[in-house]
Colleague: 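The structure under discussion is supplied below as C-alpha cells; questions concerning it will follow.
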Amino acid sequence: APVAEGEKGVKPASTREIGKTDVTLMEVADAHKVYAADKVHADEVPAAQESELIGYLEAVTSVKFKTPDLSAEGFKLRGGKLVEIVGQPSGALFYEDGNGKSVAVYFMKNENMSGSTDRNGYTVVGGQKEATSYFVAAENADLAKKLEGAVSASF
C-alpha cells in the first residue's frame, strides 16, 4: 500500500505525485487539528448516547462498527460526529485521557486507504478492513500505532 510523507524512503511531496491516499491522510490530519482543539462543540453526539451515536454514524457512512475500546492506553470515548473527508461522509469518534490529551478515530466506506502521515503536530495512521478505511489520529506515531490494533478490531 502507498504511504504518505513521514515514512522512511518516501520522496518529499514536492518531488513526487500526490495520490488520493496522501490527500485523504492530509485531510484527516487537518480535520483532527480542528476537532482536537474544540473541547466543547466537536461532539455532535456525546458518549453518554453511544448507541445513538453508533446508529447515526452507521446510517450515514454505511459502515458497521463497534466503538473502539482504547481504555488500555487510558482513553475514554468523548463522543463523535459526521465529518466529510475527500468529499465522502465519514465518521469521527473522539477520545480523551485523564490529562485532556485527545485522539480520534475516523472512518469511511470503500476507500481502500492505508498509510501514515505527520501533519499539524499529529500522526495519522490509516488502515483497511474489508470495505472500510479507518484512521487513528494521535499526537505521535508510537501512540497512533499502539491504538491501531484496537481500532482495526472494531470494523
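Atoms considered below: every heavy atom in the structure, side chains included; atoms not considered: hydrogens, waters and symmetry mates.
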Colleague: Main chain of A137, side chain of Y106: is a donor-acceptor contact present, judged purely on distance under 3.5 Å?
Modeller: no
Colleague: Rounded to the nearest 0.5 Å, what separation is found between the NZ atom of K66 and the CD1 atom of I54?
Modeller: 10.5 Å
Colleague: So that I can tick it off, tell me whether D97 and K76 are bridged by a salt bridge, with the cut-off set at under 4.0 angstrom between side-chain N and carboxylate O.
Modeller: no
Colleague: Could you tell me how the ring of Y134 sits relative to the ring of F155: parallel (under 30°), tilted (30 to 60°) or perpendicular (over 60°)?
Modeller: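 Taking F155 first and then Y134, their aromatic rings lie parallel (interplane angle under 30°).
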Colleague: Starting at CD of E27, measure out to CG of L25 and round the result to the nearest 0.5 Å.
Modeller: 10.0 Å
Colleague: Run the side-chain contact (heavy atoms from CB on, under 4.5 Å) check on V136 and V124 step by step: do they pass?
Modeller: CA-CA 5 Å; V136 179; V124 176; over 6 Å; no
Colleague: Working to the nearest 0.5 angstrom, can you tell me the gap between L143 CG and E148 CD?
Modeller: 12.0 Å
Colleague: D22 vs T117, test: side-chain contact (heavy atoms from CB on, under 4.5 Å). Steps then yes/no.
Modeller: CA-CA 8 Å; D22 297 306; T117 192; over 6 Å; no
Colleague: Distance from L77 atom CG to L53 atom CG, nearest 0.5 Å?
Modeller: 6.5 Å
Colleague: Strictly distance-based, threshold 3.5 Å: is any side-chain N or O of T61 a donor or acceptor partner for the main-chain N or O of L57?
Modeller: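 Between the backbone of L57 and the side chain of T61 there is a qualifying donor-acceptor contact (under 3.5 Å).
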Colleague: Check whether E58 reaches the backbone of K64 with its side chain - one donor and one acceptor, N or O, closer than 3.5 Å.
Modeller: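 Answer holds: no.
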Colleague: Assess whether side-chain contact (heavy atoms from CB on, under 4.5 Å) is satisfied between M108 and V63, documenting all intermediate values.
Modeller: CA-CA 7 Å; M108 64 177 66; V63 172; 5.8 Å; no
Colleague: Using the side chain to side chain donor-acceptor pair (under 3.5 Å) rule, collect all pairs that involve residues 123-132, keeping only residues at least two apart or in two chains.
Modeller: D118-T123, Q128-S133
Colleague: Please check if V105 and V83 belong to a single hydrophobic cluster, counting links between Ile, Leu, Val, Met, Phe, Trp and Tyr side chain heavy atoms closer than 4.5 Å.
Modeller: no
Colleague: If you draw a 6.0 Å radius around NZ in K109, do more than 12 non-hydrogen atoms from other residues or ligands fall strictly inside?
Modeller: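 Enclosed.
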Colleague: Taking S71 for its side chain and D69 for its backbone only, find out whether a donor-acceptor pair lies under 3.5 Å.
Modeller: no
Colleague: For H32 versus Y122, what's the shortest heavy-atom pair and its separation?
Modeller: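 The answer is CD2-CD2, 3.4 Å.
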Colleague: Can you see whether E50 engages T67 through a side-chain donor-acceptor pair at a distance of less than 3.5 angstrom?
Modeller: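 Their side chains do contain a donor-acceptor pair, which is all the 3.5 Å distance test asks for.
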Colleague: To check you understand the geometry: which heavy-atom pair defines the closest contact between S154 and P68, and what is its length?
Modeller: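 Between these two residues, the closest heavy atoms are OG-CA, 3.1 Å.
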Colleague: Are the aromatic ring centres of F135 and F107 under 6.0 angstrom apart?
Modeller: no
Colleague: Distance from F75 atom CZ to K101 atom NZ, nearest 0.5 Å?
Modeller: 5.0 Å
Colleague: Nearest heavy-atom pair of S114 and G127: which atoms, and what distance?
Modeller: CB-CA, 3.9 Å
Colleague: Where do M113 and V86 land on the side-chain contact (heavy atoms from CB on, under 4.5 Å) test, with the steps shown first?
Modeller: CA-CA 12 Å; M113 302 288 162; V86 291; 5.8 Å; no
Colleague: For the atom pair CD (Q88) and OG (S62), what is the distance rounded to the nearest 0.5 Å?
Modeller: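 OG of S62 is found 9.0 Å from CD of Q88.
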Colleague: Are L147 and Y95 linked, directly or through intermediate hydrophobic residues, by side-chain heavy-atom contacts shorter than 4.5 Å (ILVMFWY only)?
Modeller: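 Shared cluster, yes.
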Colleague: Given the rule that I, L, V, M, F, W and Y join up when any side-chain heavy atoms are under 4.5 Å apart, are F65 and V103 in one cluster?
Modeller: yes
Colleague: Do Y56 and K81 come within less than 4.5 Å of each other through their side chains, counting heavy atoms only?
Modeller: no
